[in-house]
4 protein chains.
Amino acid sequence: MADTQSEQSRVAGTQQVGRPRRDQQGLLDAAAAVFVTSGVEAPVREIAAKAGVGVGTIYRHFPTRPDLVVAVYRHQVEACAEAGPRLLAESATPEAALRAWVALFVEFLVTKHGLASALQGDSAGSDALHTYFVGRLVPVCDSLLEAALQSVDTAPPIDAYNVLKGIGNLCIGAASDTRYDATTLVQLLISGLLTRGTP
Amino acid sequence: MADTQSEQSRVAGTQQVGRPRRDQQGLLDAAAAVFVTSGVEAPVREIAAKAGVGVGTIYRHFPTRPDLVVAVYRHQVEACAEAGPRLLAESATPEAALRAWVALFVEFLVTKHGLASALQGDSAGSDALHTYFVGRLVPVCDSLLEAALQSVDTAPPIDAYNVLKGIGNLCIGAASDTRYDATTLVQLLISGLLTRGTP
Amino acid sequence: MADTQSEQSRVAGTQQVGRPRRDQQGLLDAAAAVFVTSGVEAPVREIAAKAGVGVGTIYRHFPTRPDLVVAVYRHQVEACAEAGPRLLAESATPEAALRAWVALFVEFLVTKHGLASALQGDSAGSDALHTYFVGRLVPVCDSLLEAALQSVDTAPPIDAYNVLKGIGNLCIGAASDTRYDATTLVQLLISGLLTRGTP
Amino acid sequence: MADTQSEQSRVAGTQQVGRPRRDQQGLLDAAAAVFVTSGVEAPVREIAAKAGVGVGTIYRHFPTRPDLVVAVYRHQVEACAEAGPRLLAESATPEAALRAWVALFVEFLVTKHGLASALQGDSAGSDALHTYFVGRLVPVCDSLLEAALQSVDTAPPIDAYNVLKGIGNLCIGAASDTRYDATTLVQLLISGLLTRGTP
DNA sequence: TATGAATGAGCTTTCATTCAT
DNA sequence: GATGAATGAAAGCTCATTCAT
């Protein structure tokens, strides 16, 4: 619905990658801690309290919740994105690279309580977050996917956006349900993806 | 001078409205409509308004939200459950039966906005709902799965509970994102499931 | 199409009201006024309205109703507590001191509509209030009582807690029943207390 | 405020003393049971459920809550009233009679959870109840009081209405506070009452 | 006459967001 | 810039009371 490119620019402009203010870092640490405990939907107050600042400060630096979430996980998302090409170069096969990357992504999503649901576009005011995630990781996933599919000589049954969002969804609730094994499900999805002639 | 309590009573005694007798079906229809529009977490007030009844009426019939959701979707869940054995009997192969059933399930989940997330155990007060879904559909899914796996001579890489919840998760947000194709993802997951030797 | 949650946010964002900074004293004055009118069980809304603030403000400063009641009457309770030793020193006899103090206490309870019932432990959420009252005033009452009893050479037939709570109870409803004379009843109770050899 | 005599007549007319309908008795038994458990302010629904009837039936027979309470305790109140003259005749001294009667009354009030507060005029819609209690028991108390005061040659420091209401108040909350000894307090009040020259 | 479904006012509580200091 | 008090919309839930059946 929103233009992915311009959305991303806006976000990037707001954040100024690579130059986190000294005090901003404290906010991010606190937010990260709270997100793990209470999920990304945690009350702003809780985060402010943890950081030892007023809520106004949070709003000043991160006007919307997604802005904050993006900032908190920027490093990890970045690491995830950068792992793509590297894994492709290092792995024995493209499929192995894809599987390894996907496992990395799953670990990230599952570890961060409630983050997974952010891949959905309609969670509470998640515009910027969704945009950032999609904009940064879809291309990475796409190239891994393409390589893996080429190696098994199969046409892509679905695009990288769907794969990413599907994985995101599969990871929802994984942290709080011990019977639920998101990791295996995701690998099974990849298996299905690489199987020739899926209906 | 007058006591607050008695004041209230007096005021309450003023109310003089007609109360058209309504059956439970009207409530369910209204709730179903609202669920499609606003999801299963829609405010009780909104449902009551749509049904043209007071909130008390909703609470009388369905003390908890899951009670209402279960009632609303009971027929469809039942239909889904009953379709399992029938498809197994009618389909050319067990795999075809599984795929057909899964498609049915997906259609159900995707159509009903927000219902999918009910497969998670930790949504707001979803005990009864979760229990009902899992209790009714896991066995159905299990038998279909077993049959399909036998036909491809593969050990089950994951149990029916995980499959069901995985599918449920894959369907989250499908209704509001036209780029997202839950149906295909689910079929790919099934493909992965039936592929021998998945890591 | 739009999600309920984000709809709400948008609406909330519309509010554009001025927020005059108010001190806690204004709240207390308003609460005191409402308490006199409607008793200590008055709806929070009523108090907020009287104070010209939002309900949230009340809850911020006084999370529970007793917190508020305690704050409102703290000065007077304190005054009552401090009057004990002073009266003992100034009065002609310990009995006179006890009677004077008790009269003071009665006046306080009777004046504040509904406050008396707070001496009971089981009124709606009155933990803090009850604890405060009992903790602050029982010792004061106890020393007055002891002195008075000593002067008439009688063993205490009942402890200060019972005396205090009994007085509190005697004052219930005194403000709204002109035929009911709590003051005299309390003095009669004191007389009985100081009478030797009560069965 | 209301005319005691006519009020009483109205109540008596509603009840038709001595001719409890067969089914009405079931209601009274149920209400009595609920009152003991949850107090006289128990939800109407609870009483109806216990009686196995609809709430409408309760309202038909007893339009207001006090009507019901009066009916429930009519026998006991009657017994209490009748005990007055008898005790006066049987006891060694008028004071003994007064103390015995008061003890009876206290036992009645304390046993019935929450009933005591009904002696206040302003509890939730307790008009009829208050009127009945006062109208029936004040005269009884008055004669006992007069006799006892005559025997000690003292003028009445306070009237029977105040004594009754004072006792009622002293009994509030007695059931739920083991430290609180209403019985002793009431006897102390009587002692004070019979002490010559109370200020 | 009995029933109990329906009503809806009203209460408490939470929390995103604003803005005076 | 930072703060956090203030705001008030919302939502869940309870229960006295009415009245169609």
Side-chain angles (χ1 to χ4, degrees), chain A residues 21 23 41-46 48-49 52-61 63-65 124-125, chain B residues 4-24 27 41-46 48-49 51-61 63-65 124-125, chain C residues 4-5 7-24 27 41-46 48 51-61 63-65 124-125, chain D residues 21 23 41-46 48-49 52-61 63-65 124-125:
Chain A
R21 290 287 185 78
D23 37 292
E41 304 276 329
V44 177
R45 283 272 232 298
E46 195 178 335
V53 302
V55 290
T57 306
I58 305 275
Y59 278 96
R60 168 174 297 275
H61 289 297
T64 73
R65 179 179 297 273
Chain B
T4 298
Q5 184 58 37
S6 55
E7 265 297 317
Q8 274 174 233
S9 299
R10 193 177 59 70
V11 171
T14 303
Q15 74 184 72
Q16 201 79 7
V17 286
R19 257 174 294 62
R21 183 58 44 113
R22 299 215 169 243
D23 47 43
Q24 205 156 304
L27 254 58
E41 304 277 327
V44 176
R45 282 249 217 311
E46 189 179 339
V53 303
V55 292
T57 305
I58 306 278
Y59 279 99
R60 160 179 285 272
H61 290 298
T64 71
R65 179 178 298 275
Chain C
T4 297
Q5 184 57 37
E7 266 297 315
Q8 274 173 234
S9 299
R10 192 176 62 70
V11 170
T14 303
Q15 75 185 74
Q16 202 79 9
V17 285
R19 256 173 296 64
R21 181 59 45 115
R22 298 213 168 244
D23 48 45
Q24 209 157 300
L27 253 56
E41 304 276 325
V44 176
R45 282 262 223 300
E46 193 179 336
V53 303
V55 290
T57 305
I58 306 279
Y59 278 98
R60 160 178 286 273
H61 289 298
T64 73
R65 179 179 299 273
Chain D
R21 290 287 184 76
D23 36 292
E41 304 275 331
V44 176
R45 283 272 231 296
E46 196 179 332
V53 304
V55 289
T57 306
I58 307 273
Y59 277 96
R60 168 173 299 273
H61 289 298
T64 73
R65 179 180 297 273

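Nucleotide F:dT17: paired with E:dA6 (Watson-Crick or G-U wobble, both distances less than 3.5 Å).
With the nearest nucleotide of DNA chain E identified for both B:R45 and C:P63, B:R45 has the one nearer the 5' end. Place C:V44 and A:V44 on DNA chain E by their nearest nucleotides, and C:V44 ends up nearer the 5' end. Between A:G52 and D:G56, it is A:G52 whose nearest contact on DNA chain F lies nearer the 5' terminus.
Taking only side-chain atoms of B:V55, from C-beta outward, the nucleotide of E:dT1, F:dC13, F:dT18 with the closest atom is F:dC13. The side chain of C:Y59 lies closest to E:dT12 when the candidates are E:dT12, F:dA11, F:dG1. Ranking E:dA2, E:dA16, E:dT12 by closeness to the A:R65 side chain, first place goes to E:dA16. The side chain of D:T57 has E:dT3 as its nearest neighbour among F:dA5, E:dT3, F:dG12.
Under 4.0 angstrom from either OP1 or OP2 of F:dG1 there lies no side-chain N or O belonging to A:H61. The shortest distance between the side-chain N/O atoms of A:R60 and the OP1/OP2 oxygens of F:dG1 is not below 4.0 Å.
Interatomic distance, C:Q24 CD to C:R60 CZ, rounded to the nearest 0.5 Å: 11.0 Å.
Here the closest non-hydrogen pair linking C:L27 and C:V53 is CD1-CG1, 3.9 Å.
Between the CD atom of D:E41 and the P atom of F:dT17 there is a distance of 11 Å, rounded to whole Å. In this structure, D:I58 atom CD1 and E:dG4 atom P are separated by 12 Å, rounded to whole Å.
The shortest distance between side-chain heavy atoms of C:I58 and C:R45 does not fall below 4.5 Å.
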